[in-house]
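Encoded as structure tokens, the structure appears first; notes follow it.
Note that these values count all heavy atoms, side chains included, but never hydrogens, waters or copies made by symmetry.
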Amino acid sequence: MITTFDLDEYVYPALRYGASGFLLKRSESTLLIEAVRAAMAGDSPISLSITARSLKKLTVPPKPQPALIRPLAC
């Protein structure tokens, strides 16, 4: 998918429903050409800004969970 919209609301559904990749129209023409070739070869080209944002979301440390077992008071 090649689009002007750099929004997660478009990225994830497009990939979920079969897009081979997700690139922004503002990418250089040589990158777009290589991405089409990569998609035809079975790869999944994704814009670097989208990849970086997705990785940030995946690598955020989980919030601490309250202890399920409390120590006994003496």
Could you tell me whether R37 and D43 have a side-chain N and a carboxylate O separated by less than 4.0 Å? no
Just wondering, more than 12 heavy atoms not from L48 lying within 6.0 Å of its CG? no
To the closest 0.5 Å, what do you measure between CD (E34) and OG (S29)? 10.5 Å
Could you walk me through whether F22 and S44 pass side-chain contact (heavy atoms from CB on, under 4.5 Å), step by step? CA-CA 8 Å; F22 199 95; S44 298; over 6 Å; no
Using a 4.5 Å cut-off on heavy atoms from C-beta on, say whether the side chain of R53 contacts that of D8. yes
Between the CE atom in M1 and the CG atom in L24, the distance rounded to the nearest 0.5 Å is 10.5 Å
State the CD-CD1 distance between E28 and I33, to the nearest 0.5 angstrom. 11.0 Å
Is it true that L23 and Y12 fall in one hydrophobic cluster, defined by side-chain heavy atoms closer than 4.5 Å? no
Is any side-chain heavy atom of T51 less than 4.5 Å from a side-chain heavy atom of L55? yes
Verify the cluster assignment for L15 and L7: are they in a single hydrophobic cluster under the rule of side-chain heavy atoms below 4.5 Å apart? yes
Distance in Å, S20 OG paired with I46 CD1, rounded so as to fall on 0.5 Å steps: 10.5 Å
Note, L32 side chain near K25 side chain (heavy atom, < 4.5 Å): no
Any side-chain heavy atom of S47 within less than 4.5 Å of one from D6? no
